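Working notes, structure below.
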Amino acid sequence: MQADLLSPAQSAHTAYFLHQHSPLVHCMTNDVVQTFTANVLLALGASPAMVIDAGEAAQFSSIASALLINVGTLTQPRAQAMRAAVESANRAGTPWALDPVAVGALTLRTDFCRELVQMAPVAIRGNASEIMALAGESQGGRGVDTTDTAATAIPAAQKLARESGAIVAVTGEVDYITDGERTLAVNGGSPLMTRVVGTGCALSAVVAASCALPGDRLLNVAGACAVMKLAGQRAAQGRGPGSFVPAFLDALYAMHGEVKA
């Protein structure tokens, strides 16, 4: 499938605008990645908040700049809180993004995420197997691990974008971001990004943050993907997993100064 390559300048522009606008991102994310996700957002100049209680989550999502729903450590009470937060966000006009972690592999999260897709997310970010399963094109991957390539999932991503109205980002060695009509490709990154916990989940938080920025949402989401890939590529040089994480945060922190506007 044809995809246009994202302009290299877009990552710097997205990083600049994240720092300039400093969106407040309500992250209902999995227990494994909360600290790393918060640090990634802070490094980019955004402001993270992790509010989980159903009552507080509904209240907070109406005042946040954006909401992330990540189902990595889903439970029934957490699903209830997420549903309440989404409903409140929709009433307030707060953009929200969905990360359908391990959808297709497990029934609770698959059914719940398919319900959420009907509740108007503005962005969906997942690996190829997750996106294909959410679109009804496959049974999913091996838990959080994809068994499909991102390029294989482009038709499913385009279908999901058209049906949901969301920008869909399917991420892998190459990321593909689509609104159902236009499709952009983002190169870069490093294999080390798959050897530490949380880079994909943190990317979904950055995608949510990018949805609060002005301008073309497709370009903003693609720019969020490009920011993370570029930082990963820079941080990986001559490093292993232990030193990669601090270098990655440093690379993100440095990016907002690369453009003036």
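If you're wondering where the values come from, they're calculated on a predicted model, not measured in any experiment. Worth knowing before you read on, the calculation uses all heavy atoms, side chains too, and leaves out hydrogens, waters and symmetry mates.
Note on ring orientation: taking the six-membered ring where Trp is involved, the planes of H256 and Y253 are perpendicular (angle over 60°, cut-offs 30° and 60°).
With a 4.5 Å cut-off on side-chain heavy atoms, L116 and P121 do not count as touching. By the 4.5 Å heavy-atom criterion applied to side chains, V86 and I69 are counted as neighbours. A 4.5 Å side-chain heavy-atom check between V33 and V197 finds at least one atom pair inside the cut-off. For the pair M193 and F244, the minimum side-chain heavy-atom distance is below 4.5 Å. The side-chain heavy atoms of V117 and I124, taken from C-beta on, include a pair separated by under 4.5 Å. You'll find the side chain of L67 reaches within 4.5 Å of the side chain of M28, heavy atoms only. Residues S65 and V25 fail the side-chain proximity criterion, which asks for heavy atoms closer than 4.5 Å. Contact check for N39 versus T35: side-chain heavy atoms found under the 4.5 Å cut-off.
Sorted by first and then second residue, the salt bridge (charged side-chain N to carboxylate O under 4.0 Å, His left out) pairs involving residues 213-222 (not counting sequence neighbours) are R182-D216.
Judged by distance alone, with hydrogens and angles left aside, the side-chain atoms of N90 form a donor-acceptor pair with the main-chain N or O of M119 at under 3.5 Å. In this structure a side-chain-to-backbone donor-acceptor pair under 3.5 Å is missing from T73 to N30. Using a distance-only test at 3.5 Å, with no hydrogens or angles considered, a donor-acceptor pair links the side chain of R109 to the main chain of V71. The backbone N or O of H19 sits nowhere less than 3.5 Å from a side-chain atom of S22 that would complete a donor-acceptor pair. Proximity of a side-chain donor or acceptor of E130 to a complementary backbone N or O of A102 within less than 3.5 Å is detected. S11 places no side-chain N or O within 3.5 Å of a backbone atom of V227 that could act as its donor or acceptor partner. Checked by atom type and distance alone, the side chain of K229 never pairs as donor or acceptor with a backbone atom of V186 at under 3.5 Å. Side chain of S164 to main chain of L160: a donor-acceptor pair is present (N/O by atom type, distance under 3.5 Å, no hydrogens or angles).
Remark: C27 SG to M50 CE distance equals 4.0 Å, nearest 0.5 Å. With rounding to the nearest 0.5 Å, the separation of CG in L6 from CG in L184 is 6.0 Å. The distance from the CG atom of L108 to the SG atom of C113 is 9.0 Å, given to the nearest 0.5 Å. In this structure, the separation between CG on N70 and OG on S204 is 6.5 Å, given to the nearest 0.5 Å. Within the model, atoms CG of L41 and CG of L18 stand 8.5 Å from one another, a figure rounded to the nearest 0.5 Å. Atom CZ of residue F248 and atom CZ of residue R239 lie 12.5 Å apart, to the nearest 0.5 angstrom.
Connection of L74 to L68 is not established within any shared hydrophobic cluster, with ILVMFWY side chains joined at heavy-atom distances below 4.5 Å, either directly or through further cluster members. Cluster annotation: I63 is connected to V51 through the hydrophobic network of ILVMFWY side chains, with a link wherever side-chain heavy atoms come within less than 4.5 Å. V122 and L203 sit in two unconnected hydrophobic clusters of ILVMFWY residues. Membership requires side-chain heavy atoms under 4.5 Å apart, directly or through other members. L230 and L249 fall within a single hydrophobic cluster, where Ile, Leu, Val, Met, Phe, Trp and Tyr side chains are chained together by heavy-atom contacts under 4.5 Å.
Look at R83 and E115 and you find a salt bridge, because one of the NZ, NE, NH1 or NH2 atoms lies within 4.0 Å of a carboxylate O, short of that distance.
Exactly one of T14, V40, V221 qualifies for a side-chain contact (heavy atoms from CB on, under 4.5 Å) with V206. That residue is V40.
Annotation: E87, atom CD; neighbour count of heavy atoms from other residues, nucleotides and ligands within 6.0 Å is above 12. More than 12 heavy atoms of other residues, nucleotides or ligands sit less than 6.0 Å from atom CD of Q20.
A donor and an acceptor atom, one from each side chain of Q34 and T29, are nowhere located under 3.5 Å apart. For the residue pair T171 / R125, a side-chain donor-acceptor distance below 3.5 Å is found, with atom types taken as modelled. A donor and an acceptor atom, one from each side chain of N220 and S210, are nowhere located under 3.5 Å apart.
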- Task: Apply side-chain contact (heavy atoms from CB on, under 4.5 Å) to the pair M132 and T152, showing each step before the final yes or no.
- Result: CA-CA 9 Å; M132 291 174 72; T152 301; 4.3 Å; yes
- Message: Working note: T94 + S61, criterion side-chain contact (heavy atoms from CB on, under 4.5 Å); need CA distance, chi angles, decisive distance, verdict.
- Response: CA-CA 7 Å; T94 303; S61 65; 5.6 Å; no
- Task: Decide yes or no on salt bridge (Lys or Arg N to Asp or Glu O under 4.0 Å) for R78 and D31, but give the supporting numbers first.
- Result: CA-CA 11 Å; R78 187 164 289 188; D31 297 333; 3.1 Å; yes
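Residues satisfying the ring-ring contact (aromatic ring centres under 6.0 Å, His included) test with F60, not counting sequence neighbours, are H26.
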